[in-house]
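We name chains A, B, ... by the order of the sequence lines, and we start the count at 1 in each one.
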Amino acid sequence: MEEVSSNQLNEAQYKAVHHRGGPLLVLAGAGSGKTRVITERIGALVERDVPEDAITAVTFTNKAAREMRERLEKRLGEDKVKRLRICTFHALGLMIIREHAKLVGRRARMSIFAVPEQKSAMRSVLADLKLPTDGDQVDRVLQKVSMLKSGMSQAQDNAITVIADKYDALLQKMNAVDFDDCIVLPLRILTDDAEARALWQSRCRHFLVDEYQDSSRMQYDFVRLLAPGNANLTVVGDDDQSIYGWRGAEIKNLFQLERDYPTLEVIKLEENYRSTGSILQGSNSLIAHNSERLGKTLRSNLGLGKKIRVWQAETADEEAERVTAEIRAQRAGNKLGWDDFCVLYRASFRARAFEMAMREAGVPYHVSGGMSFFDRAEIQDLLAYLKLVGNFSDDLALMRAISRPRRGIGSKALEVLGQFAHEKQCSLLEAALEDDFTHSKAHVLRAFAKMLVDIEHVFLHGEADDAFDMLLDESGLEEAIRTEAEDEDEAERRMGNIMSLRRWWLRHSESGGDLSSFLQHVYLAADEQDDEPDGQVRLMTVHAAKGLEFSHVFVVGMEAGTFPHKNALEENRLEEERRLMYVAMTRARHRLTLSFAKSQKKFGQVEKMGPSPFLKEIDADVLNWVDKDSGSEEDKAESKAEVDAHMAAMREMLGLD
DNA sequence: AACGACATAGTTTTT
DNA sequence: CTATGTCGTT
């Protein structure tokens with residue numbers, strides 16, 4: 001994905017790729033060929049006959065892991081790459097938990113609780129304690145519990161500690177783990193159990209960590225346990241691109257490395273192969289306002305190129321229309337594809353205006369993130385069944401599954417069943433199977449439970465497609481979808497989603513995976529279903545854009561209060577917002593446009609907005625403020641900018657500056 | 001038990 | 001303006 005002007009590695013890249021053993025820190029600026037260095041390094045290790053099983057590379061996103069894998073497949077072939085451990089932090093953590101489940105009170109085939117499940121679990125904990133259970137309260141408590149679990153905050157609040165313990169106990173009872181557990185539990189396993197530690201250290205004899213600036217303290221502890229002392233640890237990161245502080249990422253980890261690894265070698269990659277000189281100069285001048293830096297200046301390998309445009313619009317709708325029109329014009333004029341364009345915004349609600357404008361103009365677009373495949377009701381329903389088949393202890397999955405399709409079981413009956421299960425110390429599903437469970441709906445519950453036992457049998461011993469089809473049929477899910485849909489089209493669409501999950505499952509099953517590993521994969525790799533949309537303009541948040549690059553980038557919503565976001569300012573995170581802006585700008589290869597709307601609709605009310613202070617921090621020499629309705633002036637300004645740029649390049653070449 | 005009508009409160013970023 | 005939660009009705 002990153003374009004590299006030459007196939008040869010530059011000196012710094014070469015040193016990083018061929019570094020022989022011992023801890024290594026690669027400080028890699030935006031567009032400096034970071035991914036290439038990691039993949040080439042792994043390739044070199046394999047070609048040096050390091051066993052694949054001794055190599056582990058962790059990333060923060062599935063996208064990054066997938067890309068690394070794809071690149072290596074080209075170089076090493078599928079067989080070798082299959083044996084390499086290339087995955088996200090969370091997936092690695094889950095592998096460890098699965099292998100040593102007993103040590104943390106779990107059984108194999110555990111469920112993963114993503115946000116909706118976490119909420120339900122927390123809601124039931126709060127209800128038990130007679131505390132308020134409105135969504136707001138649940139969110140707040142969950143966040144505090146998460147902070148406590150991941151060591152970000154000390155236990156100052158006793159109530160939270162009690163809640164956290166109850167919540168953890170509930171998850172354990174349901175044989176489930178949440179996202180935090182994927183890091184916390186392995187940490188416990190590796191700390192407490194010397195044998196497990198030795199095993200995983202041997203699997204991480206060559207340990208590589210990507211996007212290290214986004215690691216939390218726990219993740220760093222995790223790294224140190226897996227790669228202690230003088231290990232062959234390679235971490236790659238960029239202090240200027242640390243944008244997950246709100247999720248516990250600590251740039252400090254980058255500085256701390258030198259203390260924890262005295263033999264650490266540091267290599268800086270400062271050659272940028274991506275952006276034009278103006279874009280880089282603008283980005284550099286912005287980030288120079290930060291004080292919390294290691295200090296690094298990117299050098300461009302391309303010409304100065306065009307100036308960074310700044311646009312102002314009256315309203316957000318007008319902004320969207322203007323950007324859309326410009327994309328159409330540029331594409332036509334420069335024989336570019338739709339996917340050479342990207343619109344970036346600070347907050348996802350900004351996407352809406354662009355979606356409407358592009359739909360109106362017939363511009364094909366794709367919104368990354370947002371309503372995902374997994375948020376659809378039919379997928380959630382199906383996943384509930386699958387989870388229950390895979391883990392009978394998952395009471396939450398049972399509650400969802402049993403109410404779709406409707407079986408006349410509601411909160412009343414479930415409460416009685418829950419009471420009974422509590423007395424018997426078993427799961428809801430097991431309770432329903434007990435002969436001495438009596439209730440007016442007992443036969444319905446029992447039939448439901450028996451059906452799941454039958455389905456499980458086929459999943460364990462039968463063919464993957466038979467099992468899936470049996471589930472669809474016997475559960476009544478397919479029928480429910482077909483009868484409840486408004487029209488034929490909707491039914492087809494929903495069944496299409498079901499079928500695409502089916503294909504995914506078959507593919508997984510063919511490569512030897514079971515239901516439980518399928519579900520874990522699905523839950524940790526939610527973005528993977530988003531098939532890379534070719535030939536569409538990409539709309540996404542700045543966070544989602546990290547690691548990507550586009551020929552033409554529009555950073556929209558450049559208003560004071562939205563970017564930098566005012567909540568972030570209140571929380572003292574101006575520098576992080578600036579890094580975010582830096583990430584946004586450095587996505588662009590040839591053309592960067594920053595735009596803002598002078599007014600915004602908020603809850604139906606119109607509010608005046610001012611330009612982002614970041615606009616003043618960017619070197620004015622590379623900015624070109626372009627007014628609306630002045631296309632010709634824009635051209636003039638552009639050509640003047642080009643002349644200026646050309647002159648500057650000449651001066652530089654002659655060494656006159 | 002399930003659905004629909006109302007009120008109400010709230011817009012950051014996500015593995 | 002909208003998504004979510006609460007309440008009252010079938």
Side-chain angles (χ1 to χ4, degrees), chain A residues 58-65 87-94 112-116 118-119 123 132-139 142-143 146 150 177-184 210-211 214-216 218-219 222 242-249 316 344-353 368-372 374-375 402-416 440-441 444 484 520-521 523-528 540-546 557 561-571 573 576-577 579-581 583-584 600-607:
Chain A
V58 295
T59 60
F60 279 82
T61 62
N62 297 295
K63 211 193 292 167
C87 58
T88 63
F89 253 109
H90 287 79
L92 178 65
L94 197 65
I112 294 185
F113 280 8
V115 179
Q118 284 183 285
K119 284 188 186 179
R123 179 160 297 184
T133 59
D134 56 291
D136 219 39
Q137 208 43 237
V138 171
D139 288 352
L142 260 179
Q143 205 197 333
S146 166
S150 51
V177 297
D178 66 15
F179 284 133
D180 292 325
D181 290 333
C182 290
I183 308 297
V184 176
D210 191 17
E211 304 278 19
D214 290 327
S215 66
S216 66
M218 287 242 143
Q219 284 165 330
F222 194 19
S242 171
I243 56 175
Y244 286 101
W246 51 274
R247 211 176 64 191
L344 298 179
Y345 34 80
R346 173 68 244 261
S348 49
F349 74 94
R350 273 273 176 164
R352 182 162 284 169
S368 303
M371 171 91 160
S372 94
F374 295 96
D375 297 333
I402 206 161
S403 58
R404 260 153 273 226
R406 306 208 169 88
R407 294 179 169 84
I409 303 291
S411 50
K412 265 287 182 30
L414 282 175
E415 205 172 299
V416 177
S440 60
K441 299 279 174 56
V444 180
E484 282 171 25
Q520 292 173 0
H521 183 71
Y523 270 79
L524 287 182
D527 64 344
E528 232 168 78
M540 66 184 95
T541 64
V542 182
H543 281 89
K546 193 165 71 158
T562 56
F563 204 177
H565 197 277
K566 72 173 181 6
N567 292 359
L569 294 185
E570 279 163 22
E571 289 160 40
R573 293 209 320 267
E576 179 156 312
E577 292 290 299
R579 289 192 291 270
L580 197 51
M581 181 66 199
V583 168
Q600 221 184 124
K601 262 198 218 133
K602 238 179 192 174
F603 317 134
Q605 225 95 78
V606 179
E607 198 178 305

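- By the 4.5 Å heavy-atom criterion applied to side chains, A:Y244 and A:E576 are not counted as neighbours.
- Atom CZ of A:R352 and atom C1' of B:dT12 are 16 Å apart (whole Å).
- Summarising the geometry, the separation between CG on A:D139 and P on B:dT11 is reported as 10 Å, rounded to the nearest angstrom.
- Checked by distance alone, A:R346 brings a side-chain donor or acceptor within 3.5 Å of a matching partner on the base of B:dT13.
- One distance of note links CD of A:E571 with CH2 of A:W246; it measures 11.0 Å at 0.5 Å rounding.
- A salt bridge does not link A:R247 to A:D214: none of the charged nitrogens lies less than 4.0 Å from a carboxylate oxygen.
- Summarising the geometry, the separation between CD on A:Q219 and P on B:dT15 is reported as 12 Å, rounded to the nearest angstrom.
- Regarding A:I243, its CD1 atom lies at a distance of 9 Å from the P atom of B:dT14, rounded to whole Å.
- Put simply, A:H90 does not rest on the base of B:dT15: the two rings are not both less than 5.5 Å apart at their centres and under 30° in tilt.
- Counting to the nearest Å, the C1' atom of B:dT14 and the CG atom of A:D214 are 11 Å from each other.
- Residue contacts for A:S403: at a heavy-atom cut-off of 4.0 Å it reaches no nucleic acid atom on any strand shown.
- One atom, NE2 of A:H565, and another, P of B:dT14, lie 12 Å apart when rounded to the nearest Å.
- An OP1 or OP2 oxygen of B:dT13 is reached within less than 4.0 angstrom by no side-chain nitrogen or oxygen of A:R579.
- Taking atom CD on A:E577 and atom P on B:dT13, their separation rounds to 11 Å, with Å as the unit.
- Remark: A:T541 is in phosphate contact with B:dT14, judged by side-chain N or O atoms under 4.0 Å from OP1 or OP2.
- Closest approach to the A:A347 side chain among B:dT14, B:dT12, B:dT15 is made by B:dT12 (side chain taken as heavy atoms from C-beta onward).
- Considering only side-chain atoms of A:S348, the nucleotide from B:dT13, B:dT12, B:dT15 that sits closest is B:dT13.
- The distance from atom CD of A:E570 to atom C1' of B:dT13 is 16 Å, rounded to the nearest whole Å.
- By the 5.5 Å and 30° criteria, A:W246 is stacked with the base of B:dT13.
- Nucleotides of DNA chain B nearest to A:A544 and A:R407 differ in position, and the one nearer the 5' end is that of A:R407.
- When distances run from any side-chain atom of A:T61 to the nucleotides B:dT13, C:dG5, B:dT15, the shortest one goes to B:dT15.
- Residue contacts shown for A:F60 are limited to sugar-phosphate atoms, with no base heavy atom under 4.0 Å away.
- Looking only at side-chain heavy atoms (C-beta outward), A:Y345 and A:T541 come within less than 4.5 Å of each other.
- In this structure the side chain of A:F89 never reaches within 4.5 angstrom of the side chain of A:T59, judged on heavy atoms.
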